[in-house]
Amino acid sequence: MTGAQITMLAAMAAYLFLMVGVGIKLSEKNETMGDFYLGGRQLGPLVTAMSAEASDMSSYLLMGLPGLAYLSGAADVGWTVIGLAAGTYINWLVVARRLRRYTEHTNSITLPEFFSNRWGDKRNILTLIAAVWIIVFFVPYTASGFAACGKLFRSLFGMDYHAAMIISAIVIIFYTAMGGFLAASTTDFIQSIIMTLALAAILVFGFTQAGGVAAVFDNARALPGYLSFTQTYDPVAGTAKPYSFLTICSTLAWGLGYFGMPHILLRFMAIEDDSKLKLSRRVASVWVVISMAVAVLIGMVGLGITKEGKIPVLEGSASETIIVQIANLLSTHGIAAALLAGIVLSGILASTMSTADSQLLAASSSVSNDILVKFFHVKIKKEQALLLSRLSLIAIAVIGIFLAWDPDSSVFGIVSFAWAGFGASFGPVVLLALFWKRSNRFGAIAGMLTGGTMVFIWKFAIRPLGGVLGIYELLPAFAAAMLVNMVVSLLTPAPGEDIVKCYEEVGKMD
């Protein structure tokens, strides 16, 4: 191992120890299951904003977006960024305050629990269905995060994939199991800062290696369709391909996913004062737009560096390692540069861990609180509840490790599918729960089942047919779930007086 690699590894190790330290420090603040899963609703506005976005972006920000821009140019990645940015802002503007107030008014500490409390579902059928969907989509999603960590260390230092993956998973499990939601949110806040530093450092260094800003854009303009939003560049043929209106709509549909993301919605529920959500919204929206724009620029800069012959040509999924390649190039410029490269690589690690910890919490809450306590009515004492929460988290993480055992497993395909699953199964239910008084539990059950099931059907049975049917599964599944929810609600008895009264009381708080 070279001196530069040792320096980078030391920086990354220091980062991992910092995360463990945060978990240990915050463990003493967890006394109840509510503390463990919602932090006692004590998050400040900055931590709320940045932890929500760090848990949202995952390694897609530092690997997926730059890699996509590197390969095909502005269209695919540009419309994706527009959809994600719009979804982020609308979610904070429309959903955040109402959800914070409604969940407190109904004494709900998880999203599945809120669904049952919202519609007076005494049998907790809604809680069970929502919890099952969370486990179905989040456990493999978490596994993809573990796999990304293993692949990162393997590609950088030649470490054994399984050893690197397990060590990374243990660190995430430890600080999350010890500190719960507060640890996950606090480490996510720290990780968002590291991700920001990584993006800035790589962008500045990349421009210097590619010959400057003008050289980067001259190179991009020379490629057919590369900078167009109605065409996309084909790196194999070296020609432009049309980017249809239907494809644009399909790509923009990524923004719909935000309305159903449990790990993001939990941040809305946990802020200490809903009047501070305006500040959180502004911070989150600005950070998301700038960070995604920089990530796209890095892909274009990386293409310029490739043209200069300073890094190899990256094809297919290898394009997702563009930041890793630039960081390796940076590490050859002395010890200080290698240390900075280690911070950059810690940013990639942070982007993965910040999502994995939130997913672990959401999935474990579904097992311990929503299924065992709420649905099966398992009677446990206060101190036993906290232990059950931690054991559930560890058990789910172990399953995730087994699912991530294959080093060739896809990472971003799983992310895309899980995003669609949550967006379609929960998004329409959340929106109608908050803003439609006539909605009832029958509609919510039907809509939730339709959304999750339709994602599977469209992904594996309809989308492969191609043509106009080859769109992202989130769009048709979301529309079907919304329609079914509304139709079933109108065809079945209206909600009772207590439910309507609760809805109106929350509405008067606006």
Side-chain angles (χ1 to χ4, degrees), residues 60 64 76 79-80 83-84 87 111-112 115 125-144 244-263 265 359 362-363 366 370-371 399-400 403 409-433 439-492:
Y60 190 77
D76 209 3
W79 289 114
T80 299
L84 292 174
L111 195 63
F115 292 151
I125 300 298
L126 277 164
T127 296
L128 177 65
I129 295 172
V132 169
W133 279 138
I134 285 177
I135 294 170
V136 166
F137 291 117
F138 257 159
V139 173
Y141 202 154
T142 303
S144 74
S244 68
F245 177 73
L246 183 63
T247 306
I248 291 173
C249 293
S250 175
T251 307
L252 287 173
W254 273 82
L256 293 173
Y258 282 103
F259 302 124
M261 291 298 128
H263 55 302
L265 299 176
Q359 293 163 348
S366 294
D370 299 326
I371 295 178
I399 297 172
L403 291 177
S409 59
S410 171
V411 174
F412 296 110
I414 295 174
V415 171
S416 172
F417 181 66
W419 187 268
F422 285 124
S425 56
F426 291 162
V429 180
V430 168
L431 292 174
L432 294 177
S439 65
N440 62 24
R441 70 178 183 274
F442 304 107
I445 290 172
M448 203 182 303
L449 290 173
T450 299
T453 304
M454 180 61 75
V455 167
F456 280 93
I457 294 173
W458 199 277
K459 170 72 173 180
F460 298 108
I462 299 178
R463 190 174 181 180
L465 298 176
V468 295
L469 300 176
I471 60 176
Y472 183 32
E473 54 269 18
L474 173 55
L475 184 58
F478 188 98
M482 179 70 78
L483 179 63
V484 168
N485 195 325
M486 296 178 70
V487 169
V488 173
S489 291
L490 291 173
L491 294 177
T492 51

R441 and T492: side-chain contact (heavy atoms from CB on, under 4.5 Å), yes or no, with the steps? CA-CA 9 Å; R441 70 178 183 274; T492 51; over 6 Å; no
Below 4.5 Å, heavy atoms only, C-beta onward: do F137 and W419 meet side chain to side chain? no
Where V429 and F115 come nearest, the two heavy atoms and their spacing: CG1-CE2, 3.7 Å
Any non-hydrogen side-chain atom of L265 less than 4.5 Å from a side-chain atom of Y258? no
Least distance between heavy atoms, A481 atom then P428 atom: CB-CG, 3.8 Å
What's the spacing between M486 CE and S439 OG if we round to 0.5 Å? 9.5 Å
How close do P112 and I134 get, counting heavy atoms only, and between which atoms? CG-CD1, 3.7 Å
Pairs satisfying salt bridge (charged side-chain N to carboxylate O under 4.0 Å, His left out), at least one member in residues 481-490, at least two apart: none
Closest non-hydrogen atom pair, F426 against A130: CZ-O, 3.3 Å
So do W79 and T247 actually touch side chain to side chain, heavy atoms under 4.5 Å? no
For V455 and A420 the tightest heavy-atom approach is CG2-O, 3.5 Å
For residues 466-483, which residue pairs qualify under side chain to side chain donor-acceptor pair (under 3.5 Å), counting only residues two or more places apart or in two chains? R463-E473
Listed by chain and number, what are the side-chain contact (heavy atoms from CB on, under 4.5 Å) partners of I471, not counting sequence neighbours? L246, S250, W458, L475, P476
Atom pair CG (L256) and CG (L474), whose distance is rounded to the nearest 0.5 Å: 5.5 Å
When you measure from the side chain of W133 to the backbone of M448, do you find a donor-acceptor pair of N or O atoms at a distance under 3.5 Å? yes
On a heavy-atom basis, which atom in A446 and which in V488 lie closest, and how many Å separate them? CB-CG2, 3.8 Å
T80 side chain vs T251 backbone, donor-acceptor pair below 3.5 Å: no
Do L126 and I445 have side chains that get closer than 4.5 Å, going by heavy atoms? yes
